[in-house]
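Notes follow once the structure below has been shown.
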Amino acid sequence: MKKTALIMAGGRGERFWPRSRKSCPKQFLSLTGDGKTMIQLTVERILPLVDMEDIYVVTNRDYRELVHEQLPELPEENILCESVGRNTAPCIGLGAVHMAKKYEDAIMYVLPSDHLIKYNAIFLRTLDDAAQVAEEQGNLVTIGITPDYPETGYGYIRFLPREGKGRAFRVDRFVEKPDLETAKSYLATEQYLWNSGMFIWRLSTILSELEKNLPETSAGLQRIAAAIGTDGEQRVLEREYEAFSSESIDYGVMEKAEHIYTLPGSFGWNDVGSWLAVEKIRPTNEFGNVVEGNAVTVDTVRCIIQGGEKLIAAVGLEDMIIVDTPDALLVCDKSDAGSIKKVLENLKICNRNEYL
């Protein structure tokens with residue numbers, strides 16, 4: 001069956017401030033040291049399975065040119081722009097109705113644009129196995145990540161180890177982000193996976209599930225589909241999209257559907273959720289520091305230092321994050337990395353929008 005891919009690229013990446021900005025969020029940055037941006041790596045990774053002409057990107061309309069600049073070989077009509085963010089269900093639905101205009105039916109891979117994968121060959125095999133399960137009409141497949149520590153920042157998937165298809169297991173339920181003790185108990189059972197936000201299904205399956213579980217969204221998507229290629233396409237898209245409720249695909253569809261399967265993924269996945277992820281994707285020096293740019297460290301250990309031409313001198317520091325950009329400097333204890341978004345909240349309150 002024909003393979004297509006939808007890359008979700010509308011996020012703001014606020015926890016990577018001050019490098020990630022409203023004008024150029026995380027998915028358009030290079031964080032791996034090879035000069036390639038997150039979205040470029042995502043598309044490059046999927047190309048062995050999907051032709052470039054069958055890859056679609058859904059993004060905010062402010063980022064159309066960024067997508068085009070970074071993915072010049074992607075057909076311009078495959079850049080689908082939201083006028084306003086409405087979470088993952090409308091985003092995925094928008095991609096699905098465009099693909100369904102092109103193909104009667106096809107396998108649809110849904111991938112975030114800001115994840116990193118260490119072992120691409122294992123990743124591709126996992127997606128290929130997932131597609132085989134998804135080809136059976138009605139099956140929804142998600143990739144779960146085999147956990148190696150009790151993470152409290154991810155949702156989890158509980159699977160049934162005795163019920164499955166090939167390498168896929170039937171999903172029992174999705175659970176919200178747990179506290180530490182609950183996360184430890186999940187690991188002990190060996191029946192929970194991290195929810196990666198990657199999905200595989202047939203176009204006909206996901207459109208049917210949207211119609212069943214989110215009928216108002218589905219009706220709006222069908223009006224958008226009817227307008228594709230007409231003079232009123234943009235007007236209809238904006239009207240319908242702004243009327244959508246904000247709904248995640250997990251809550252809107254996956255938690256309500258019946259035939260849900262998950263494949264455990266062990267391919268070096270990292271969701272690059274905050275500056276702390278840099279330690280996992282970039283090499284550390286003998287003092288445990290990750291240093292980029294012009295920096296000198298003295299008695300400084302386990303720090304993340306990101307700068308440019310300006311000299312950064314760090315003396316006597318432990319477990320700190322320092323990020324210097326031309327107009328903003330972040331100094332943060334690693335334990336407070338999750339609070340960086342509060343800086344942006346304060347900037348918004350003070351109308352200091354030039355720093356957002």
Side-chain angles (χ1 to χ4, degrees), residues 2-13 16 20 24-32 36-83 85-103 106-117 120 123-124 126-128 130-131 134 141-143 145 195-203 206-207 221 224 237 241 248-250 265 267 269-273:
K2 186 69 177 177
K3 306 290 197 308
T4 64
L6 179 71
I7 312 299
M8 298 183 291
R12 299 291 189 184
F16 266 84
S20 179
C24 188
K26 178 180 65 172
Q27 60 268 30
F28 301 110
L29 300 178
S30 174
L31 300 172
T32 52
K36 296 179 181 178
T37 66
M38 304 280 278
I39 193 170
Q40 287 172 334
L41 290 170
T42 301
V43 169
E44 181 180 281
R45 192 180 302 127
I46 196 68
L47 276 175
L49 296 181
V50 182
D51 295 332
M52 182 66 84
E53 64 183 19
D54 295 320
I55 296 174
Y56 289 74
V57 173
V58 176
T59 190
N60 185 282
R61 61 186 175 188
D62 294 338
Y63 305 143
R64 171 181 282 279
E65 287 307 311
L66 272 173
V67 174
H68 181 59
E69 289 170 12
Q70 295 195 4
L71 301 172
E73 295 180 2
L74 187 74
E76 286 198 52
E77 61 269 22
N78 289 15
I79 304 173
L80 310 178
C81 295
E82 302 170 309
S83 56
R86 287 293 183 257
N87 216 317
T88 51
C91 167
I92 290 168
L94 179 62
V97 296
H98 274 267
M99 293 172 181
K101 278 281 186 176
K102 187 174 182 181
Y103 298 111
I107 292 293
M108 179 187 194
Y109 295 114
V110 179
L111 306 171
S113 60
D114 55 358
H115 292 181
L116 292 178
I117 305 296
N120 285 340
F123 172 71
L124 292 174
T126 303
L127 288 187
D128 206 34
V141 185
T142 183
I143 304 299
I145 305 300
N195 187 351
S196 73
M198 293 184 277
F199 307 98
I200 305 92
W201 40 51
R202 288 171 63 158
L203 292 173
I206 190 58
L207 289 172
L221 289 168
I224 291 172
L237 171 62
Y241 221 87
S248 73
I249 198 71
D250 286 332
F267 36 70
W269 173 84
N270 193 312
D271 78 334
V272 199

Next item on the list: Would you confirm whether Ser20, through its side chain, and Gly13, through its main-chain N or O, come within 3.5 Å as a donor-acceptor pair?
Entry: yes

Check: In chain order, what residues pass the side-chain contact (heavy atoms from CB on, under 4.5 Å) check against Ile79, with sequence neighbours excluded?
Finding: Thr59, Arg64, Val67, His68, Leu74, Cys81

Check: Please, which pairs that meet side chain to side chain donor-acceptor pair (under 3.5 Å) have at least one residue in residues 71-81, sequence neighbours excluded?
Finding: none

Next item on the list: For the pair Gln27 (side chain) and Ala9 (backbone), establish whether a donor and an acceptor sit closer than 3.5 Å, ignoring hydrogens and angles.
Entry: yes

Next item on the list: Could you list the residues that satisfy side-chain contact (heavy atoms from CB on, under 4.5 Å) with Lys36, not counting sequence neighbours?
Entry: Asp34, Gln40, Leu41, Glu44

Next item on the list: Could you check if a side-chain atom of Thr42 sits within less than 4.5 angstrom of a side-chain atom of Met8, using non-hydrogen atoms only?
Entry: no

Next item on the list: Check ring pair (Phe, Tyr, Trp, His ring centres under 6.0 Å) between Tyr109 and all other residues, then give those that pass, not counting sequence neighbours.
Entry: none

Notebook entry, point to check: Would you find a donor on one side and an acceptor on the other, under 3.5 Å apart, between the side chain of Asp51 and the backbone of Glu53?
Noted result: no

Margin query: Can you list everything that forms a side-chain contact (heavy atoms from CB on, under 4.5 Å) with Asn195? Sequence neighbours excluded, please.
Written below: Thr142, Ile157, Phe174, Asp250

Notebook entry, point to check: Under the salt bridge (Lys or Arg N to Asp or Glu O under 4.0 Å) test, which residues partner Arg61, sequence neighbours left out?
Noted result: Glu238

Next item on the list: Let me see the working for Asn60 and Arg12 under side-chain contact (heavy atoms from CB on, under 4.5 Å), right down to the final yes or no.
Entry: CA-CA 10 Å; Asn60 185 282; Arg12 299 291 189 184; 3.9 Å; yes

Next item on the list: Name all residues meeting the side-chain contact (heavy atoms from CB on, under 4.5 Å) criterion together with Glu82; count only those two or more places apart in sequence or in a different chain, and write none if there are none.
Entry: Val58, Cys91, Tyr241

Item checked: With sequence neighbours excluded, residues passing side chain to side chain donor-acceptor pair (under 3.5 Å) with Asp54 -> Lys2, Lys102, Tyr103

Check: Can you name the residues that form a side chain to side chain donor-acceptor pair (under 3.5 Å) with Arg86, not counting sequence neighbours?
Finding: none

Check: Taking only residues two or more places apart in sequence or in another chain, which ones pass ring pair (Phe, Tyr, Trp, His ring centres under 6.0 Å) with Tyr56?
Finding: none

Margin query: Under the rule for side chain to side chain donor-acceptor pair (under 3.5 Å), what residues qualify as partners of His115, not counting sequence neighbours?
Written below: Trp269

